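For clarity, every value in this text was computed on a predicted model and none was experimentally measured.
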Amino acid sequence: MKPLHILAFTGIASFFLTACVGTSPQPSSALEPPTEPSPVAKDSTLKENSEVFRPVVPSAFAKDDAPASEPVKVQDSEPVAQKIEAEEIPDIYVEIPRLAQMALTRADSFYAAGELDSAAAIVERFSVLNPLWKEWQVQAKSISEKVRSGYSKKDADLQRYLIALVNANSRRAPYSEVKPIVDTIFATSPSDSIRHLTDSLSKIAYVRTYEKVKMVRDEALLLAREKAAFDAAEQKLSDLILRYSDFIDTLELQNAVLKISSLRIETSASAEFWQSHDPKKALEEAKQLSASNKWQAAKEALQKLKSSHLRGESLRELDSLNTRFCTEKRKLAAALFAESKNKKANKSDKLSKAIAELDACLEFAPDYKERATVLSNKQFLQMELAK
């Protein structure tokens, strides 16, 4: 059903346009009466105008037809309403008075030209519109009541959604539960203040859930790195992916799963070894090898321990081993570089040996935390060697 003001305006527009256009005399003679013609010419002009005007006067007002009090049937205005609705809704407070004034001006013009029937047809239509106007007022009131009812329901629904949102945040609900409520509130086109409140509560829920998911993700990675508890770590990540889909990409949960799978493959070769050997005893032996600067033997023992439940301790001991080894190699490289400055020394030989010491560090400890510095030092020595 089309809006009331569209149908009302369309009906009135068709009536007034018929009155103003359909029964109009020649435009120049209607609003601006010509210089007084001769009696013969005047009679001829009026007769001619009468023949033009009379056929378009509705039968409801013709002298030999139905009485003027018979209601005028407004034709179906659906196509016109659809066109108006598709383009632009007219302002009935402007257009109705404008059309009425146009009709009255035209009627007065007919009267001045002596076309009494045409003037009467326009004026009498105002009487015919009176019952229609009352009917439109009744329809407008009915629609107004429905609109008020709709606003009341909208306000009640919005209040209910806001309460649900506040309650969800109070019990620290996950963002996946808060987001649908927020979307529903925004869909109601709320006021700026309500939109701001909703957005603030949404951000609180997002940050809270983000921190929670990040914490569990890090716990899973720690389980895999420190305890070689790959099954438990993968289960934690699988639960996160299922429950918190909004953070899969943000917190790179799929990449974390791949990292754990890589760690599992890395340690699977020696996992069965610890079913018949004591990891604690093996760790003590690895520490003794490290203290004796038996670098390679200590490294191999610690690498094997990465597949045991002492994975975390072995990783920390391996990091310490790498640091001690590379620190020693870097000191030797620095000493050789200093010797290369001596005029009596073989500069090329000293620099080559210094570079070799740094290469030993890079090869032995690929995960050394100062690797970038070692590479930079090596590049510097190579430049000195090339001079």
- Which side chain to side chain donor-acceptor pair (under 3.5 Å) pairs, counting each pair once, include a residue from residues 331-340, with sequence neighbours left out?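 Listed by first then second residue: E339-K350.
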Close side-chain approach of [X] to [Y], heavy-atom, < 4.5 Å:
X: L336; Y: I355; value: no
X: V178; Y: L201; value: no
X: E313; Y: L310; value: yes
X: L362; Y: K378; value: yes
X: I185; Y: I194; value: yes
X: L385; Y: S348; value: yes
X: F247; Y: E252; value: no
X: E357; Y: K353; value: no

- Message: Both conditions, 6.0 Å and 45 degrees, for the charged tip of R195 above the ring of F186: are they met here?
- Response: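 The answer is yes, since R195 meets both limits relative to F186.
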Distance only, no hydrogens: is a donor on one side chain within 3.5 Å (strictly under) of an acceptor on the other, for [X] and [Y]?
X: R324; Y: S290; answer: yes
X: Q235; Y: D231; answer: no
X: Q139; Y: E135; answer: yes

Side-chain ([X]) to main-chain ([Y]) donor-acceptor, under 3.5 angstrom:
X: S202; Y: T198; value: no
X: R172; Y: R208; value: no
X: S262; Y: L258; value: no
X: S376; Y: A372; value: no
X: S238; Y: E234; value: yes
X: R311; Y: A224; value: yes
X: R217; Y: L251; value: yes
X: T327; Y: T323; value: yes

- Query: Do you reckon V166 sits in the same ILVMFWY cluster as Y161, going by side-chain contacts under 4.5 Å, direct or chained?
  - Reply: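 Looking at the clustering, Y161 is in the same group as V166.
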- Query: With the 4.5 Å side-chain cut-off for hydrophobic clustering, are L289 and W295 part of the same group?
  - Reply: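 No, separate clusters.
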Identify the two heavy atoms, one from [X] and one from [Y], that lie closest to each other, and give their separation to 0.1 Å.
X: A286; Y: L302; answer: CB-CD2, 3.6 Å
X: A119; Y: Y111; answer: CB-N, 3.9 Å
X: L129; Y: W136; answer: CD2-CH2, 4.1 Å
X: P131; Y: S127; answer: CD-O, 3.4 Å
X: A103; Y: I122; answer: O-CG2, 3.4 Å

Output yes when [X] and [Y] qualify as a salt bridge under the 4.0 Å nitrogen-oxygen rule, no when they do not.
X: K214; Y: E211; answer: no
X: D157; Y: R160; answer: yes
X: K329; Y: D359; answer: no

- E384 vs K387, salt bridge (Lys or Arg N to Asp or Glu O under 4.0 Å): CA-CA, chis, key distance, verdict: CA-CA 5 Å; E384 288 293 316; K387 290 180 179 180; 2.9 Å; yes
- Passing candidate, side chain to side chain contact (heavy atoms under 4.5 Å, CB included) with K179, options D246, T184, T209: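 Per the side chain to side chain contact (heavy atoms under 4.5 Å, CB included) rule, the option paired with K179 is D246, out of D246, T184, T209.
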- Among all residues two or more places apart in sequence or in another chain, which pass the side-chain hydrogen bond (donor to acceptor under 3.5 Å, both in side chains) test with E317?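 Checked E317 against side-chain hydrogen bond (donor to acceptor under 3.5 Å, both in side chains); zero matches.
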- Message: Could you check, using the six-membered ring where one of them is a Trp, whether F380 and F337 have ring centers closer than 6.0 angstrom?
- Response: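 Yes - the distance between ring centres of F380 and F337 falls below the 6.0 Å cut-off.
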- Query: F126 and L104: side chain to side chain contact (heavy atoms under 4.5 Å, CB included), yes or no, with the steps?
  - Reply: CA-CA 10 Å; F126 280 89; L104 292 172; 3.6 Å; yes
- Relative to the ring of Y206, is the ring of Y210 parallel (under 30°), tilted (30 to 60°) or perpendicular (over 60°)?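 Y210 vs Y206 ring planes: parallel.
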